[in-house]
Amino acid sequence: MAVPDFMGIALAEAKAAAEAGEVPVGCVIARDGELLAQAGNRTLRDRDPTAHAEVLALRSAAAKLGSERLTGCDLYVTLEPCTMCAAAISFARIRRLYFGAGDPKGGAVESGVRFFNAPTCHHKPEVYGGIGEADASAILKEFFATRR
């Protein structure tokens with residue numbers, strides 16, 4: 001049985017978000033090879049500043065599992081998470097975080113505040129950056145080029 005391409009699904013969510021006029025970020029949560037949740041940014045559509053792809057996927061996965069703890073789950077996202085999303089990932093007890101493009105301006109994992117390295121961070125997932133980075137970066141660059 002083939003392993004699902006979770007980052008590929010996240011990239012498709014990012015493309016769908018871009019088509020909707022949202023900043024193109026997509027996210028997938030999986031456990032034991034099973035897709036639990038997927039989402040793209042919806043801050044404009046929902047008129048909700050917290051409707052980042054990661055937060056939406058975390059909410060969906062938690063509802064599906066009936067628990068606020070997503071132990072054993074892995075999160076795939078096309079852009080390095082911001083501080084809000086990094087905190088949500090920590091609170092959810094995500095096992096592994098895979099992200100595509102780094103975000104030197106708004107990221108909080110390998111950039112900025114480096115949330116998971118803070119002494120007040122209660123849970124640090126394993127972090128793997130640069131997964132699908134070229135595709136994720138291309139989607140973002142194309143999106144922002146059309147708005148300049």
Side-chain angles (χ1 to χ4, degrees), residues 4-31 34-144 147:
D5 177 14
F6 295 124
M7 187 56 83
I9 298 167
L11 288 163
E13 286 287 339
K15 289 176 186 173
E19 290 170 10
E22 301 278 0
V23 173
V25 177
C27 182
V28 164
I29 297 177
R31 184 171 70 182
E34 176 190 356
L35 176 69
L36 296 176
Q38 62 191 78
N41 272 358
R42 291 197 325 242
T43 59
L44 298 174
R45 187 189 96 181
D46 293 0
R47 304 225 185 289
D48 178 356
T50 69
H52 290 198
E54 300 97 318
V55 171
L56 296 171
L58 287 165
R59 289 174 182 162
S60 180
K64 184 171 187 173
L65 295 175
S67 174
E68 75 284 4
R69 298 284 185 245
L70 302 180
T71 307
C73 292
D74 300 329
L75 187 144
Y76 299 77
V77 64
T78 58
L79 183 64
E80 178 183 355
C82 69
T83 306
M84 174 184 70
C85 292
I89 288 164
S90 177
F91 292 145
R93 305 300 194 260
I94 290 293
R95 176 179 59 182
R96 292 186 194 106
L97 165 63
Y98 299 91
F99 71 86
D103 186 0
K105 187 174 179 182
V109 176
E110 292 181 351
S111 307
V113 300
R114 299 176 184 247
F115 183 85
F116 299 128
N117 294 331
T120 54
C121 178
H122 297 293
H123 170 78
K124 178 180 180 175
E126 294 175 33
V127 176
Y128 302 92
I131 310 301
E133 181 175 15
D135 291 333
S137 292
I139 293 166
L140 287 158
K141 286 176 185 170
E142 181 180 329
F143 177 81
F144 286 111
R147 278 149 180 78

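Quick note: numbers below take in every heavy atom, side chains included, and nothing from hydrogens, waters or symmetry partners.
Here the CG atom belonging to Leu65 is positioned 4.5 Å from the CZ atom belonging to Arg31, to the nearest 0.5 angstrom. How far CG of Asp135 is from CD1 of Ile131: 12.0 Å, rounded to the nearest 0.5 Å. The distance from atom CD1 of Ile29 to atom CG of Leu58, rounded to the nearest 0.5 Å, is 4.0 Å. Distance CG/Leu70 to CG/Leu36: 8.0 Å, rounded to 0.5 Å. Between atom CZ of residue Phe6 and atom SG of residue Cys27 there is a gap of 12.0 Å, rounded to the nearest 0.5 Å. Distance SG/Cys82 to CZ/Phe115: 10.5 Å, rounded to 0.5 Å.
Residues Ala51 and Leu56 come closest through the heavy atom pair O-CD1, 3.6 Å. Residues Gly100 and Ala136 come closest through the heavy atom pair CA-CB, 4.4 Å. In terms of heavy atoms, Val28 sits closest to Gln38 at CG2-CB, 4.0 Å. In terms of heavy-atom proximity, Ala14 sits nearest to Pro24 at O-CB, 3.3 Å. Heavy-atom minimum distance, Glu54 versus Leu75: CG-CD2, 4.3 Å. Annotation for Phe143 and Gly21: closest pair CZ-O, 3.8 Å, computed over non-hydrogen atoms.
In summary, of the residues considered (Val77, Leu79, Asn41), a side-chain contact (heavy atoms from CB on, under 4.5 Å) with His52 occurs for Asn41 alone. Only one option out of Ser90, Cys85, Pro81 pairs with Leu97 in a side-chain contact (heavy atoms from CB on, under 4.5 Å); it is Pro81.
Side-chain contact check for Ile89 versus His123: every heavy-atom pair is 4.5 Å or farther apart. Side-chain contact between Pro49 and Thr43 is absent, with no heavy-atom pair separated by less than 4.5 Å. In this structure the side chain of Val109 reaches within 4.5 angstrom of the side chain of Phe99, judged on heavy atoms. Ile9 is not listed as a side-chain neighbour of Tyr76, based on a closest heavy-atom distance of 4.5 Å or more. Taking 4.5 Å as the limit, some side-chain heavy atom of Met84 sits within range of a side-chain heavy atom of Val55.
The closest donor-acceptor contact from the side chain of Glu126 to the backbone of Arg96 lies at 3.5 Å or more, if one exists at all. Here the side chain of Thr78 pairs no donor or acceptor atom with the backbone of Ala10 at under 3.5 angstrom. Between the side chain of Arg69 and the main chain of Ala62, no donor-acceptor pair closer than 3.5 Å is present. A donor-acceptor contact shorter than 3.5 Å links the side chain of Glu13 to the backbone of Gly40. With Glu80 contributing its side chain and Gly129 its backbone, the two residues share no donor-acceptor pair below 3.5 Å.
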Dump the intermediate steps for side chain to side chain contact (heavy atoms under 4.5 Å, CB included) on Asp48 and Arg42, then the final yes or no.
CA-CA 8 Å; Asp48 178 356; Arg42 291 197 325 242; over 6 Å; no
